[in-house]
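Structure first, then comments.
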There are 2 protein chains.
Amino acid sequence: MNEQAAPGRVGDVRRRNLSLVMDSIARTGDAKPSRAQLAAGTGLTKAAVSSLVADLVESGLVSEVGLYRDGERGRPGQGLELSSRRGVVGMEINVDYLAVGLVDLGGNLRFHSTVESRNRGLAPHKVMERLGGLAAEAVAAAAAADISILGGGLAVPGLVDEQRNLVLSAPNLHWEHEELKPRSLLEGAPLGVRLSNEANSAALGELWYGKGQPDFLYVSGEVGVGGGVIIGSELYTGPGGSAGELGHIVVHPDGPACSCGGAGCLETFAGQEAIFEAARIPDGSLGVRTELLLAALAAREPQATRAVHDAGRYLGVALASSARLMDIEAVVLGGHFAVLAEWLKPALMSSLERYAPGLLDPDNLTVSALEHSGTLLGAAGQVIRSVIESPFEFLLASKLA
Amino acid sequence: MNEQAAPGRVGDVRRRNLSLVMDSIARTGDAKPSRAQLAAGTGLTKAAVSSLVADLVESGLVSEVGLYRDGERGRPGQGLELSSRRGVVGMEINVDYLAVGLVDLGGNLRFHSTVESRNRGLAPHKVMERLGGLAAEAVAAAAAADISILGGGLAVPGLVDEQRNLVLSAPNLHWEHEELKPRSLLEGAPLGVRLSNEANSAALGELWYGKGQPDFLYVSGEVGVGGGVIIGSELYTGPGGSAGELGHIVVHPDGPACSCGGAGCLETFAGQEAIFEAARIPDGSLGVRTELLLAALAAREPQATRAVHDAGRYLGVALASSARLMDIEAVVLGGHFAVLAEWLKPALMSSLERYAPGLLDPDNLTVSALEHSGTLLGAAGQVIRSVIESPFEFLLASKLA
DNA sequence: CCCATATAGTTCAGATTGAAAACTAATTGG
DNA sequence: CCAATTAGTTTTCAATCTGAACTATATGGG
């Protein structure tokens with residue numbers, strides 16, 4: 001069948017409980033729980049929690065932040081939080097811009113910088129060079145705030161091989177099978193830099209730092225139409241790692257040819273290019289075209305209205321199919337779908353009602369609250385999450401060093 | 001965010017390792033491994049394996065089956081297998097028939113019986129009564145073979161709530177929100193009877209007792225078109241438990257209305273009724289209509305050929321979308337799609353090639369090898385699997401008794 | 001026929017770790 | 001200032017793994 005599971009050792013229990021305590025602190029967030037509260041919350045004894053927290057504090061992942069003094073009787077507890085002096089750098093390469101952010105273990109965005117950059121067709125090493133400059137700013141900001149950088153996450157708009165640091169295919173950048181050297185962006189960071197897909201990162205950002213529902217489909221409308229599937233608070237990537245390709249669901253069997261080699265894909269109706277073209281918006285920078293489109297919609301120009309209506313209708317078809325297939329009950333719109341939400345939603349909802357009546361509650365179709373920082377937060381969050389989920393490995397590494 | 005994980009206790013290690021040993025024995029299958037081989041395979045020490053096996057043998061889940069004598073030097077090992085004297089009854093209610101089977105822990109079908117029964121529109125208690133008669137045969141067969149029955153699995157062609165023993169909706173039986181009493185089919189079986197969906201069970205049967213690939217989409221062509229999604233050797237059911245509804249993917253936005261309330265669903269092109277109707281096969285029993293259709297296809301009658309061609313084409317659209325969305329790389333055809341495979345496959349493959357070129361290797365589009373017993377094996381297998389995955393709970397229960 | 005060799009399986013000491021209970025620490029309120 | 005209350009630590013105990021030594025049972029060469 002498939003691979004054999006590893007045997008359970010006595011020490012695994014501690015591994016798991018360290019993670020449980022980290023996760024509990026992370027979830028409790030701003031409440032800064034005491035050891036006693038963690039014991040109550042996790043089901044562990046106070047003794048066990050004390051011992052676990054001692055290890056986590058020693059390693060610097062968790063800090064004590066003063067006493068409780070809430071007027072209750074009894075000895076006040078020591079508040080605990082994920083250290084605000086450890087951080088991860090989130091980075092994003094997109095078609096029209098580059099962005100970096102510094103996120104501390106608690107999930108606070110401590111520094112943020114975006115620059116416009118026409119990356120389409122640019123050689124990967126050129127783009128990485130520019131991004132390196134931006135990353136240096138984040139490193140400087142971290143030094144200034146006395147934050148030690150554990151690692152980084154880099155999101156790109158394409159299919160990636162995380163293990164090998166390959167961008168397998170990013171059609172909108174015109175990159176095919178390019179090897180990046182993300183590690184070079186943050187020399188010396190103990191956990192390195194992790195490559196990820198933009199839509200997946202945005203979905204994870206939404207999960208960890210947004211509304212936080214455990215099951216939803218994130219729809220990313222950038223130049224391409226991407227998707228990130230969150231099931232049971234985990235990203236579903238599929239066996240090969242490329243699940244969520246909402247843009248290439250067939251929404252009309254007689255539809256036009258698509259750049260993917262197929263036909264009738266959602267992207268041919270609802271991708272940025274498709275919408276701009278159908279709305280007769282002239283060529284130009286993304287910002288300008290978006291302004292023109294919004295103005296045309298506000299002026300109720302028929303071609304623009306129709307373009308967005310069609311996009312909404314076919315997005316509805318794709319969501320109806322997706323919801324049925326994957327049993328999805330909530331959708332979060334991001335990217336240009338978020339920008340166009342006001343005009344898109346009516347057609348989208350009526351389409352959903354036609355093709356999958358009653359399946360998706362209108363209240364469960366929301367717009368991302370994180371806007372542009374969602375992808376950064378998600379990219380950094382993946383590294384933060386890996387520390388929360390396996391603090392034992394981190395402890396080991398820091399003990400050796 | 002979501003629910004808190006349970007704390008790790010020292011005893012969890014044994015729980016996990018008991019399961020690991022059970023699973024190792026199950027996987028090794030006919031090879032009947034010795035304790036030493038299990039130690040090598042699992043990474044546990046011989047001492048640990050001995051202790052674990054002792055518990056499993058005592059509870060009756062595992063039996064020793066004679067010595068190895070393979071001409072090697074050294075003391076021969078004691079072969080171990082999942083007990084062939086413990087069994088689970090698999091049961092199936094479908095539109096045109098009822099079936100039961102007796103499956104031992106090793107996955108061998110020890111008894112099997114199917115009867116035709118026009119269940120459409122029949123009251124659930126009537127159907128359960130008939131099924132009870134069949135189940136009694138399985139119980140008698142078990143007694144004769146000295147097999148003690150641990151529990152049962154019951155598959156139905158509809159959406160179920162496993163926890164509450166509800167059939168939420170089985171349109172092809174004309175059942176809506178019916179409560180079944182599956183437990184009554186096997187009074188006294190310690191693990192009870194577990195209700196499940198027919199397509200999901202067939203997919204699991206294929207996983208555990210068929211070709212055994214870890215990732216695939218099982219497509220069930222019964223009266224409705226269902227699907228079972230297997231990812232990483234697990235059934236993907238989605239947050240609400242109703243994932244895999246392949247039959248209601250929208251394959252043509254201008255298609256006809258569907259019984260689900262939507263429009264253009266795959267089922268309206270590729271369901272049994274749709275195909276028979278498009279092929280102009282007169283009403284009658286399923287067996288007769290199938291014969292007529294196969295004869296018409298053999299005679300190359302244009303309406304039949306066209307009907308099956310269309311079904312294949314739209315199935316291709318649905319599979320292209322599904323494969324893109326869920327990153328699926330293998331498909332197993334079951335039910336009438338298996339019967340019609342010869343005529344269906346050409347249209348299906350050319351459709352896949354048109355809508356998702358290169359995504360699905362023709363070699364990865366296969367027909368189920370288990371035929372009708374797949375669903376039974378899967379239904380029983382879910383209970384067997386639960387014993388393999390948590391033998392500790394079973395040990396506890398049997399110690400109390 | 002017997003003993004060296006090899007492999008299977010068991011026994012026992014040692015280490016890790018959480019539970020449970022008793023204990024110490026720090027605060028409030030009468 | 002002391003009783004009550006809550007936080008956190010220390011101690012003892014049980015579960016269960018590893019590792020090493022030991023016993024059991026086979027093969028094969030002299």
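Letters A, B, ... mirror the listed sequences (proteins, then strands); counts begin at 1.
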Check your understanding: Taking the nucleotide of DNA chain D with the closest heavy atom to each, which residue, B:F392 or B:P76, is nearer the 5' end?
Key -> B:F392
Practice item. Test B:Y209 against B:L109 for side chain to side chain contact (heavy atoms under 4.5 Å, CB included), laying out the working first. Key: CA-CA 10 Å; B:Y209 307 114; B:L109 189 60; over 6 Å; no
Practice item. Please determine, for the side chain of B:V13, which listed nucleotide (D:dA20, D:dT16, D:dT9) has the closest atom? Key: D:dT16
Practice item. Look up atom CZ in B:F394 and atom CG in B:L56, then write down how far apart they are to the nearest 0.5 Å. Key: 10.5 Å
Check your understanding: Whole Å only: how far is the CZ atom of A:R15 from the P atom of C:dT16?
Key -> 14 Å
Exercise for review: Measure from CG on B:L52 to C1' on D:dC17 and round the result to the nearest Å.
Suggested key: 10 Å
Practice item. Considering just the side-chain nitrogens and oxygens of B:S34, establish if one lies under 4.0 Å of OP1 or OP2 belonging to C:dG9. Key: yes
Practice item. Check the distance between D:dC17's C1' and B:D55's CG and give it to me in whole angstrom. Key: 14 Å
Practice item. Return the nearest nucleotide to the side chain of B:A36; candidates are C:dG9, C:dA21, C:dT5. Key: C:dG9
Review point. So do the side chains of A:S386 and A:E393 get within less than 4.5 Å of each other, counting heavy atoms only?
Key: no
Exercise for review: Specify the separation, in whole Å, of atom CG of B:L67 and atom P of C:dA6.
Suggested key: 21 Å
Point to revise | Rounded distance in Å - CZ (B:R16) to P (D:dT16) | key: 15 Å
Check your understanding: Which one, C:dG18, D:dT10, C:dT17, comes nearest to the side chain of A:A47?
Key -> D:dT10
Exercise for review: Verify the contact: side-chain N or O of A:S50 to OP1 or OP2 of D:dG8, cut-off strictly under 4.0 Å; return yes or no.
Suggested key: no
Review point. Counting only distance, no hydrogens or angles, is the base of C:dA8 paired donor-acceptor with the side chain of B:R75 under 3.5 Å?
Key: yes
Review point. Once you round it to whole Å, what is the distance between C1' of C:dT16 and CG of A:N17?
Key: 13 Å
Practice item. Could you state the atom-to-atom distance from NZ of B:K46 to C1' of C:dG9 in whole Å? Key: 6 Å
Point to revise | Short N-O contact, B:D12 and B:R9, less than 4.0 angstrom | key: no
Revision key, fill the gap. Between CG of B:L44 and P of D:dC17 the distance, given in whole Å, is 7 Å
Practice item. Check A:L52, A:I388, A:L80 against A:V21 for a side-chain contact (heavy atoms from CB on, under 4.5 Å) and give me the one that passes. Key: A:L52
Check your understanding: If only side-chain N and O atoms of B:R14 are considered, is one of them under 4.0 Å from the OP1 or OP2 phosphate oxygen of D:dC17?
Key -> yes
Practice item. Please tell me which of A:R73 and A:G43 maps to the more 5' nucleotide of DNA chain C, matching each residue to the nucleotide holding its nearest heavy atom. Key: A:G43
Practice item. Please check the phosphate of C:dT17 (OP1 and OP2 only) for any side-chain N or O of B:R9 closer than 4.0 Å. Key: no
